[in-house]
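One structure below.
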Amino acid sequence: MLPSLPRLAASLALLTSTAYSLPRNVLSGPDEGITLSPQSSILSARDTACNNSPDLCSKSYSQVTHMGAHDAAFLRDASTDNSIAGNQYFNATLALDAGLRLLQAQVHNKNGVIELCHTTCDLLDAGPLEDWLAKIKGWMDANPNEVVTLLLVNGDNQDAASFGSVFTGAGIDKYGFVPTGTQGWPTLRSMISSNKRLVTFIASIEASQAHPYLLPEFAHVFETPYEVTSLAGFNCTLDRPQSAGSTGAALQQGLLPLMNHFSYQALSDAIMFPNVGDIDTTNSPSTTTAGALGKHAQTCQSQWGSKPVFVLVDFWDHGPAIEAADKLNGIEGKTVGRTTPAGAGGSNKKSTGSTNAGTVGMGRASLVAFFMAAVMLF
C-alpha cells in the first residue's frame, strides 16, 4: 500500500536532507586509503591458516560462523552519491580483505543481463553480476587459502542456466563447490586442498545437473526475519522457508542457520531504508547490550543448540562486526592476514567506491524520480 501524498512529500524532504547530510567521499582508486598488514605475515600464514586462522582449518564448513555483508554490492559512497539505499560503505573485495567470507546481493533481469539491482534497477544499479563476480574471482585467485560464500536473491526468478552462463563468463565457476550427498560438509582445509572453495546459494532456482555448484538456497539454508525496524526486534525464529516449519525442524533437516542482523528505518508503510543511526550498537560484539550483534548471536545459539553458520550485517566495518564472528569461532587474537580500509568504523567514512560501473541511484534526482513515480501510481 502506498503512502498518502502528504506523507510522500514529507518522506521526500526527509530523505533528501538525510542523504545530503551524509559524508561525501572523494577517493577514486581501488586501493587508495587501505592500511595493509605486513606482507610477511600474510605470506607466512598461507600454508597454515584457513579463512585467516589456523584454528579453522580442521573445522567443517558448517561448524564455522561466516560473517557476511548484506547487500554487499550496494554502496553508500561517492560512487552512488552517498545513496541512502546503500547498505555498505566499503565494497566486496575490501570486505573480504577485512575477514568477511559471505557476500549477499540481489539481482534482476535488465534487458537480458543479470544485473546487481537493489529492489529495482531504477533505485540503485551496481552493474552486471558478471563484472562483480570477476572481481571476487580475482580476489580468490590471490588468496588461495580462503573459502568464500555467495548468497544471491533472485529478484526475477531467473533459472540456473542463466546464472551458470554468468559464472562461467566470470571464470569463477572453477571454484564452485558441489556437496556430496549425506556425507556432510567438509573441512575448510579439504575444500581449500581441492580448490573447490566457493559455495553459492541462489534463491528461487532449481538444482541443475549442468551447474551443480549453484545451490538452491532453501534446500540448504533457513533464515531469521529480515524486516526488523528496532533494536528490540531481532529474534531467532524461522522466517524462510516456511515449509521447514520451525527452527528445530529446520536444524533436524540439516538446514544451515542464517541470522539476519540488520535494521531498517521506516518512513512509511511502503518506504524503508538501512538504519545507520544505531549501527555501532547494532554491530557491537557485546553479549549484554540489547540489540547488539553479539547478544543476538548468543541468544540464537542458546535457542538452537548451535551457533549461526551465516550472519548478515549492514555497514560491516562498524562494530566491527567481524569481532562477533571471531568470538563465535573461538579465534579472537588468532587471526592473520587481514587488512582494514582507512576510515572504517569512523564518523567520516572514506570508501573506495564500487568496483562496478553501473548507474547509481538515490541521489537528489533519483529521489525525486522515485517519489514522483510513487505519486503517479497513487
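Scope of the values below: all heavy atoms of this structure, side chains included, with no hydrogens, waters or symmetry mates. Here the structure is a predicted model, which means the values were calculated and not measured.
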Without hydrogens or angle criteria, can the side chains of [X] and [Y] be said to hold a donor-acceptor pair below 3.5 Å?
X	Y	result
Asn91	Thr93	yes
Ser79	Asp77	yes
Lys174	Asn195	no
Asp71	His118	yes

Validation row: [X], [Y] side chains within 4.5 angstrom (heavy atoms):
X	Y	value
Thr80	Phe74	no
Val147	Cys50	no
Trp139	Asp97	yes
Pro128	Glu115	yes
Ser162	Ile114	yes
Val199	His220	no
Asn260	Asp239	no
Leu251	Ser306	yes

What pair of heavy atoms forms the shortest contact from [X] to [Y], and how long is it?
X	Y	answer
Phe234	Gly291	CE1-O, 3.6 Å
Phe90	Gly343	CZ-C, 4.3 Å
Thr340	Ala344	CG2-CB, 3.9 Å
Ala73	Trp132	CB-NE1, 3.9 Å
Ser62	Leu256	CB-CD2, 3.8 Å
Glu146	Asn52	OE1-N, 3.5 Å

So, taking the atom named [atom1] in [X] and the one named [atom2] in [Y], what distance separates them when rounded to the nearest 0.5 Å?
X	Y	atom1	atom2	value
His261	Leu293	NE2	CG	4.5 Å
Cys57	Leu188	SG	CG	7.0 Å
Phe222	Thr237	CZ	OG1	10.0 Å
Phe273	Thr119	CZ	OG1	13.5 Å
Leu150	Ile202	CG	CD1	8.5 Å
Gln252	Ser246	CD	OG	7.5 Å

For the backbone of [Y] and the side chain of [X], can you confirm whether one donor and one acceptor N or O come within less than 3.5 Å of each other?
X	Y	value
Ser193	Arg189	yes
Trp304	Cys236	yes
Asp314	Phe262	no
Arg76	Phe315	no
Asp326	Ile331	no
Asp278	Thr282	no
Ser284	Asp280	no
Thr65	Ala325	no
Asp81	Ser83	no
Asn235	Pro225	no

For the hydrophobic clusters of this structure (ILVMFWY residues joined by side-chain heavy atoms under 4.5 Å, transitively), does one cluster hold both [X] and [Y]?
X	Y	result
Ile322	Leu312	no
Val228	Val313	no
Phe201	Ile136	no
Leu255	Leu258	no
Trp316	Leu102	no

Geometric class of the Tyr89/His318 ring pair [parallel <30°, tilted 30-60°, perpendicular >60°]: tilted
Option passing side chain to side chain contact (heavy atoms under 4.5 Å, CB included) with Phe310 (candidates Gln104, Met67, His66): His66
Basic-acidic side-chain contact under 4.0 Å: Lys137, Asp141: yes
Exercise answer: donor-acceptor pairs, residues 203-214 side-chain atoms, under 3.5 Å, sequence neighbours excluded:
from   : atom 1 : to     : atom 2 : distance (Å)
Ser204 : OG     : Asn157 : OD1    : 3.3
Ser208 : OG     : Ala210 : N      : 3.2
Ser208 : OG     : His211 : N      : 3.1

Validation row, ring centre Tyr61 to ring centre Phe177 under 6.0 Å: no
The single option from Glu217, Glu227, Glu223 passing salt bridge (Lys or Arg N to Asp or Glu O under 4.0 Å) against Arg240: Glu223
Asp317 vs Leu94, side chain to side chain contact (heavy atoms under 4.5 Å, CB included): CA-CA, chis, key distance, verdict: CA-CA 10 Å; Asp317 57 300; Leu94 292 183; over 6 Å; no
Criterion side chain to side chain contact (heavy atoms under 4.5 Å, CB included) on Val64 and Arg101, from CA distance to verdict: CA-CA 11 Å; Val64 176; Arg101 290 295 176 267; over 6 Å; no
The single option from Lys307, Lys334, Lys59, Gln63 passing side-chain hydrogen bond (donor to acceptor under 3.5 Å, both in side chains) against Asn329: Lys307
